[in-house]
Amino acid sequence: MSLQALRNSTTVWRETDTRHHLHPFTDFQGLAEEGGSRIITRAEGVWLEDSEGQRILDGMSGLWCVNVGYGRERLAKAAYDQMVALPYYNTFFKTATPPSIELSEKLAELTPAGLNRVFYASSGSEANDTLARIVRRYWKLVGQPERRNIISRTNGYHGSTMAAASLGGMQPMHALDDLPLPGFHHVRQPYFFGEGGDLSPEDFGLAAAKAIEDKILELGPETVAAFIGEPIQGAGGVVIPPQSYWPEVQRICREYDVLLIADEVICGFGRTGHWFGSNLFGIEPDLMTLAKGITSGYLPLSAAMVGDRVAEVLRDKGGEFAHGFTYSGHPVACAVALENIAIIEEEKLVERVHDDTGPYLQERLATLADHPLVGEVRGVGFLGAVELVADKPSRAGFKPKGRAGTLCRDHCFEIGVISRAVGDTMVVAPPLILTREEADELVQRLGQALDKTAADLNIA
Ligand code: PXG
């Protein structure tokens, strides 16, 4: 196609998109005024291509999900073969399909000890809704029906359905719709750079964990069903808790017999250089949420992992569990998940991120810390954050919040790299196949975007 023809089709796509398509987390009017969406048409490896032929290094794996990278014919073939054999059948009425069975066994093997059963859905949100129902059901069945409260964290993200948004601690999401629902409570996040003050990271980690204990005591331990947290908060800005945090959270949950749910939607499947964020921090969760990297985003699939303690009660005392989705255990999605996990294993992507490319990416990102705009660089594995500040010594942020981040994100786009702005924090989560050379390129482009942002803001 000629460049002119490409431009014409882009214009038509943008206009049609603006007329008919309501995008998530988007100011519809604002998007229209800016001329509409950027249209992504193809991708290969870690490179996206837009409808005007620009190549863009995808530093975000789509939305934290394309762990094995784009263009994997093996995954397309797995989907094709399964669609030809059996495109769909349900798992409701005493039926199952081979891929859903095999994947259940595989997930039980990969996840931490005791998580041996799976309830499937299609999105992280649905899996978290499912877990909220499961933990409340569990406590009813063991004769403690008053245990209905679920504790999570400010600035945590657990999805967009009513229950998942209630679990999440995102103020604008709550404001949209009078959330949280009753029984969902929030405590402070373990965000050392922003909230650590004069404390050491270790002391701050303990203080942030203590907020959970305080909340349990305030609500009454006999009313608390569960605590849910992402091992590392992703959408909240790659908030990495101090080492002291998770062991103390685990201790508190055990002391008050509160079920611990690890939301591994972002951290799972190699993102941190471990199979799960729980492995990185030594968390032993009672339940776990999986999505995104489970299929590398090639098809929608999520899994609520249920530990033996809870699953055995549901089985032995529960009777019918009146909950489920048409696509629970979708055979094509499960077949793709199995093939995706096989790729991660065969190519040793978790080991590679742990031993080689993860530390290298972190080393390269750390070079940005000297930039006049940068207050902190943090990261682990293939999760990274570059936090922008207006004043380095005091860590003071920008006013209005998000201005620098938005400018920087737009410069990234122009330069041809995708980094997501969370307020004024630039985050990266590239596909696990990213090479050292591509890591160099990612960081170099991010550095260029920082320079342009500093120039816009007159910061030298
Ligand atoms: N838990 C976590 C930890 C997530 O990151 C969900 C649950 C919900 O998954 P679904 O599949 O229902 O979206 C998520 C999703 C962002 C962004 O901008 C992050 C997510 C989704 C959309 C945007 O960082 N995470």
Side-chain angles (χ1 to χ4, degrees), residues 23-27 58-67 119-132 150 152-170 172-173 176 179 184 186 189-190 226-241 260-269 271-272 276-278 280-281 283 285 287-305 325 327-328 330 333 337 382-385 402 405-406 409 412-413 418-430:
H23 292 244
F25 284 88
T26 297
D27 171 347
D58 186 3
M60 280 307 297
S61 307
L63 260 184
W64 325 79
C65 55
V66 186
N67 288 13
F119 193 99
Y120 291 109
S122 302
S123 67
S125 303
E126 291 166 315
N128 279 328
D129 266 49
T130 300
L131 287 175
I150 304 179
S152 57
R153 291 148 338 154
T154 304
N155 201 37
Y157 189 82
H158 300 291
S160 261
T161 55
M162 300 282 274
S166 296
L167 287 170
M170 299 289 183
M173 295 180 76
L176 193 67
L179 296 177
F184 293 85
H186 301 87
Q189 56 179 333
F227 169 77
I228 183 169
E230 304 154 75
I232 293 171
Q233 284 155 259
V238 182
V239 177
I240 306 176
L260 176 54
I261 309 173
D263 182 336
E264 296 267 6
V265 169
I266 283 179
C267 292
F269 298 96
R271 173 67 45 210
T272 70
F276 301 97
S278 292
L280 168 66
F281 292 111
I283 308 169
L287 306 111
M288 188 184 259
T289 327
L290 305 174
K292 294 193 189 272
I294 192 171
T295 57
S296 287
Y298 278 62
L299 282 176
L301 182 74
S302 64
M305 299 299 302
F325 307 100
Y327 300 130
S328 287
H330 193 290
F382 266 11
L383 277 174
T406 306
R409 190 216 30 222
C412 283
F413 246 134
I418 293 193
S419 165
R420 162 138 158 52
V422 177
D424 293 307
T425 301
M426 304 309 297
V427 304
V428 291

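Order of listing sets the numbers, starting from 1, for every ligand and every atom in it.
Residue, atom and distance of the protein heavy atom nearest to atom 16 (C) of ligand 1 are Arg420 NE, 3.0 Å. Protein heavy atom closest to atom 22 (C) of ligand 1, with residue, atom name and distance, is Leu63 CD1, 3.5 Å. In this structure, atom 5 (O) of ligand 1 lies nearest to the protein heavy atom Ile266 CD1, 3.2 Å. Nearest non-hydrogen protein atom to atom 1 (N) of ligand 1 is Asp263 OD2, 2.7 Å. Protein heavy atom closest to atom 21 (C) of ligand 1, with residue, atom name and distance, is Lys292 NZ, 3.6 Å. For atom 2 (C) of ligand 1, the nearest non-hydrogen atom of the protein is Tyr157 O, 3.3 Å. Annotation: atom 19 (C) of ligand 1 to nearest protein heavy atom, Trp64 NE1, 3.6 Å.
In terms of polar-atom proximity, defined here as any N/O pair under 3.5 Å, Ser125 does make such a contact with ligand 1. Inclusion of Gly124 in the set of residues having an N or O under 3.5 Å from an N or O of ligand 1 is warranted.
Side-chain atoms of Pro231 and Phe276, non-hydrogen and from C-beta on, never get closer than 4.5 Å to each other.
Atoms of ligand 1 lying under 4.0 Å from at least one heavy atom of Asn128, given by number and element, are 1 (N), 7 (C).
Within 6.0 Å of OH in Tyr327 there are 12 or fewer heavy atoms belonging to other residues, nucleotides or ligands.
Distances shorter than 4.0 angstrom do not occur between any heavy atom of Glu126 and any atom of ligand 1. Distances shorter than 4.0 angstrom do not occur between any heavy atom of Phe25 and any atom of ligand 1.
Side chains of Ser302 and Glu126: a donor-acceptor N/O pair is absent below 3.5 angstrom, by distance only.
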